[in-house]
Amino acid sequence: MARSISVKIPTAKLIEQIEQRIAEIDKAIESYPADREKFEKAQEKYQKDVIKAISNYLSKNGSKVGTEYDSPVRLTTRYYGHGNTIDLAINADAIAGFPKKPEAPEHPNQREHFGRDYTTRKDLLEKNLKILKMTSQEEVSASTYGAVMEIL
């Protein structure tokens, strides 16, 4: 059976790491609107590129449209709902040169579940920072450090 290791971490270093992470979150919050706008422009370009790639593929390979699930382009017809519906499914992996979808930026201060708390990472870090700054302990245990590192 493994033995546990008992180590101490300097409180000042932990405070420094928390302050750095809060600064990173603040910087990400500031740049989020610009990042989101850049993503939306990339999304519009992606949609145009997809339409162009599909039309190029269909103009060159129109006879390869199939009804099987493994077809690069699959055409299916449904007769329920609002009349006839034709679905065109494109297997992006099977078409060479198909554009890659841009990734949406993650909101930097999104509310999340931390145990039973539903809060933002920044709020939780600020709460822990206040507690660490009030303590007179020069070191914290590795388990305390580990708990804070999960938030970082």
Side-chain angles (χ1 to χ4, degrees), residues 1-58 61 64 66-76 78 81 85 87-152:
M1 183 167 201
R3 302 182 85 188
S4 64
I5 299 174
S6 177
V7 295
K8 299 287 185 180
I9 310 297
T11 304
K13 285 191 177 188
L14 183 57
I15 288 173
E16 182 182 321
Q17 286 181 338
I18 292 173
E19 288 173 339
Q20 286 175 353
R21 182 64 179 133
I22 290 172
E24 289 172 9
I25 291 171
D26 287 339
K27 186 178 178 183
I29 289 170
E30 275 184 35
S31 68
Y32 180 72
D35 294 343
R36 186 70 196 180
E37 188 175 319
K38 189 187 311 179
F39 164 74
E40 288 177 11
K41 287 180 182 176
Q43 185 72 12
E44 288 176 15
K45 183 181 181 317
Y46 168 74
Q47 290 173 351
K48 290 176 184 175
D49 291 346
V50 165
I51 291 169
K52 187 176 179 181
I54 292 170
S55 64
N56 286 342
Y57 181 83
L58 289 176
N61 303 300
K64 294 184 180 179
T67 57
E68 298 80 29
Y69 283 99
D70 60 346
S71 297
V73 178
R74 181 177 44 136
L75 189 66
T76 56
R78 296 182 283 158
T85 302
D87 293 326
L88 185 67
I90 309 294
N91 183 350
D93 295 333
I95 298 175
F98 202 81
K100 299 290 182 201
K101 186 173 183 176
E103 286 189 33
E106 188 175 312
H107 195 286
N109 205 24
Q110 186 71 30
R111 294 176 74 81
E112 304 174 58
H113 283 284
F114 295 97
R116 59 187 169 104
D117 295 329
Y118 184 64
T119 185
T120 65
R121 190 173 299 268
K122 181 181 175 186
D123 288 343
L124 203 53
L125 287 170
E126 287 173 341
K127 184 190 310 182
N128 285 318
L129 183 61
K130 283 180 187 178
I131 292 169
L132 287 170
K133 284 185 174 183
M134 289 191 304
T135 187
S136 60
Q137 297 283 333
E138 290 186 24
E139 299 174 329
V140 295
S141 68
S143 62
T144 301
Y145 180 75
V148 173
M149 288 307 292
E150 288 180 17
I151 302 167
L152 290 174

Regarding [X] and [Y], does a basic nitrogen lie under 4.0 Å from an acidic carboxylate oxygen?
X      : Y      : result
Lys130 : Glu126 : no
Asp26  : Lys122 : yes
Glu24  : Arg21  : yes

Kindly write out the residues that satisfy side chain to side chain donor-acceptor pair (under 3.5 Å) with Lys133, not counting sequence neighbours, or none if the list is empty.
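Listed in chain order: Glu19.
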For a side chain to side chain contact (heavy atoms under 4.5 Å, CB included) check, start with the C-alpha distance between Leu132 and Val140, then their side-chain angles and the critical distance, and finish with the verdict.
CA-CA 9 Å; Leu132 287 170; Val140 295; 4.0 Å; yes
I need the full list of side chain to side chain donor-acceptor pair (under 3.5 Å) pairs touching residues 43-53, with sequence neighbours left out, sorted by first then second residue.
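For residues 43-53: Lys45-Asp49.
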Sequence neighbours excluded - ring-ring contact (aromatic ring centres under 6.0 Å, His included) pairs with any residue from residues 18-44
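Checked against ring-ring contact (aromatic ring centres under 6.0 Å, His included) - neighbours excluded - the pairs reaching residues 18-44 are Tyr32-His107.
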Without swapping roles, check the side chain of Arg121 against the backbone of Ile151 for a donor-acceptor pair under 3.5 Å.
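Yes; judged by distance alone, with no hydrogens or angles, the pair exists.
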Using modelled atom types and a 3.5 Å cut-off, is there a donor and acceptor pairing between side-chain atoms of Thr11 and backbone atoms of Gln137?
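Flag set: sc Thr11 to bb Gln137 pair under 3.5 Å.
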By the definition side chain to side chain contact (heavy atoms under 4.5 Å, CB included), identify the one residue from Arg36, Glu37, Lys38 that meets it with Glu40.
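The passing option is Arg36.
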Shortest non-hydrogen contact from [X] toward [Y]:
X      : Y      : answer
Ala142 : Ile9   : CA-CG1, 4.5 Å
Thr120 : Phe114 : C-CE1, 4.2 Å
Pro108 : Ile25  : O-CG2, 4.0 Å

From CA spacing to verdict: side chain to side chain contact (heavy atoms under 4.5 Å, CB included), Tyr145, Gln17
CA-CA 11 Å; Tyr145 180 75; Gln17 286 181 338; 3.2 Å; yes
Kindly compute the distance separating [atom1] ([X]) from [atom2] ([Y]), expressed to the nearest 0.5 Å.
X      : Y      : atom1 : atom2 : result
Phe98  : Asp93  : CZ    : CG    : 9.5 Å
Met149 : Thr144 : CE    : OG1   : 13.0 Å
Asn91  : Arg74  : CG    : CZ    : 9.0 Å
Ile90  : Leu75  : CD1   : CG    : 9.5 Å

